[in-house]
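There's a structure below that I have some questions on.
What you see below is based on every heavy atom in this structure, not just the backbone, and it leaves out hydrogens, waters and symmetry mates. Only a predicted model underlies this, so the values are computations on that prediction, with no experimental measurement involved. For ligands, and for the atoms within them, numbers begin at 1 and follow the listed sequence.
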Amino acid sequence: MEFRKNDMVTLEIEDCGTDGEGIGKADGFTVFVKDAVIGDRVRAKIIKAKKHYGYGKLMEILRPSPYRVEPKCPIARQCGGCQLQALSYEKQLAFKEKKVRGNLERIGGFSALPMEPIIGMEEPYHYRNKAQFPVGKDKEGRIITGFYAGRTHTIIENRDCALGVPQNKEVLDRVLSYMEENRAEPYDEKTGKGLVRHILIRYGFFTGELMVCLIVNGKKLPKEEALVEKLREIPGMTSITLNVNEKKNNVILGEELRILWGQGYITDKIGDISYEISPLSFYQVNPIQTQKLYAKALEYADLKGGENVWDLYCGIGTISLFLAQKAGFVRGVEIVPQAIEDAKRNAARNGIENVEFFVGKAEEVLPREYEEHGVYADVIVVDPPRKGCDEKLLETILRMQPKRVVYVSCDSATLARDLKYLCGMGYELKRVCAVDQFGMTVHVETVVRLQRKHT
Ligand code: SAH
């Protein structure tokens with residue numbers, strides 16, 4: 001059946017879309033309804049209709065979902081950061097597991113999936129070690145900070161995000177009072193005037209070290225010593241820096257970094273490995289779940305000690321160093337040169353010598369090393385961005401014939417596509433496990449183990 005704008009429909013909400021909107025069906029017609037939750041029975045008014053789907057406005061909750069909970073954060077609905085706070089955490093996990101399963105079955109064509117139970121968080125709030133708060137002014141001209149509302153650059157005021165660490169509030173209170181007292185103006189995106197663009201805060205969960213970096217449209221701030229004076233007293237403070245970004249664009253960080261106080265980085269640990277983290281480096285935002293994710297990847301790699309391992313899309317080498325503790329030799333490949341510099345420094349810092357890192361595209365470096373230098377692999381680990389692996393890389397993996405492939409994925413749809421390809425060509429899907437790294441949001445990580453079939 002087809003629907004038109006302004007039609008009223010009754011829906012059972014059964015699923016959840018990429019922005020957290022509830023999804024229900026009326027006579028085969030799919031409707032996306034903002035603020036409806038899995039398990040709700042609702043009445044919605046169609047506000048936009050396409051042939052097979054449309055968008056509805058929530059008019060009435062006829063029967064609230066048994067999985068509805070009170071969001072912890074009072075501005076959860078306006079803020080663009082979280083999508084699932086109104087759904088119980090248990091149900092969030094069930095939704096994520098179902099999403100992974102659904103993609104593997106539908107896109108990957110798998111059945112009887114060897115799926116382990118999803119690994120959830122013990123504390124699904126306050127898990128993020130990093131926050132980037134934009135700074136601006138409200139209508140009355142007061143300096144404010146918080147998060148952007150979904151799909152806009154309007155700042156929703158909030159100094160105490162429920163996903164972040166409690167230290168954020170103290171830091172923000174002090175930076176904003178420094179700005180008021182010393183006329184350090186917030187940056188205005190429209191005019192390109194003003195100084196302070198963002199406040200970046202990072203906290204080492206295992207070391208208690210705290211870092212603040214002000215991203216500034218200019219090289220200097222007025223009375224920098226007053227800012228340092230306020231911030232250095234906060235327990236754990238290790239690094240206060242200024243990052244210069246004078247470009248008129250949406251990229252948060254510039255390239256130039258100046259230390260105002262302390263060192264230019266904090267340290268933190270994942271398992272036994274310690275990392276130096278500068279404001280510019282990539283680092284996993286949920287260190288507790290990352291440790292569980294890597295432990296699963298290590299289990300799936302099933303290393304006995306002498307193996308040759310490739311870690312493709314290795315970032316700052318976190319998985320590589322984790323695996324190197326158990327493998328013969330690990331080679332990491334990553335496209336961002338600074339990340340590879342971090343990887344090398346972190347290897348040295350931990351005295352790990354059985355690793356080598358390459359800058360370049362995985363789909364270029366691996367075929368080159370295979371063809372020109374005859375390298376081989378017992379195990380290949382991949383952890384690509386959302387778009388998944390390049391087909392050229394998958395072809396090379398098939399030619400190299402490693403015993404096992406461990407695929408870590410942040411998008412189960414592209415994962416399913418890539419697995420379908422590999423499993424059509426001699427590999428078998430042995431294990432699948434979803435790991436929740438991002439509670440209250442719709443995102444989920446998946447790790448799988450493929451084994452070469454005996455021929
Ligand atoms: N394994 C790392 C990072 C994974 S994120 C960790 O766990 O921390 C994915 C990484 O792939 C990013 O660092 C990104 O810069 C890198 N990347 C993106 N496209 C790439 C390509 N074609 N070849 C190699 N690396 C790539």
Answer yes or no: is there an ion pair linking Lys34 with Glu21, defined by an N-O contact shorter than 4.0 Å? no
Taking NZ, NE, NH1 and NH2 as the nitrogens, is one of them in Lys219 or Glu246 under 4.0 Å from a carboxylate oxygen of the other? yes
Sorted by chain and residue number, the residues having a heavy atom closer than 4.0 Å to an atom of ligand 1 are Phe282, Gln284, Tyr294, Tyr313, Cys314, Gly315, Thr318, Ile319, Glu334, Ile335, Val336, Gly360, Lys361, Ala362, Glu363, Asp383, Pro385
Salt-bridge contact Asp302-Lys304 (side-chain N to carboxylate O under 4.0 Å): yes
Among Leu303, Val309, Asn308, side-chain contact (heavy atoms from CB on, under 4.5 Å) partner for Asp378: Asn308
Tell me whether Arg399 is salt-bridged to Glu371, with the criterion being a basic N under 4.0 Å from an acidic carboxylate O. yes
Sub-6.0 Å ring centroid separation between Tyr370 and Trp310: no
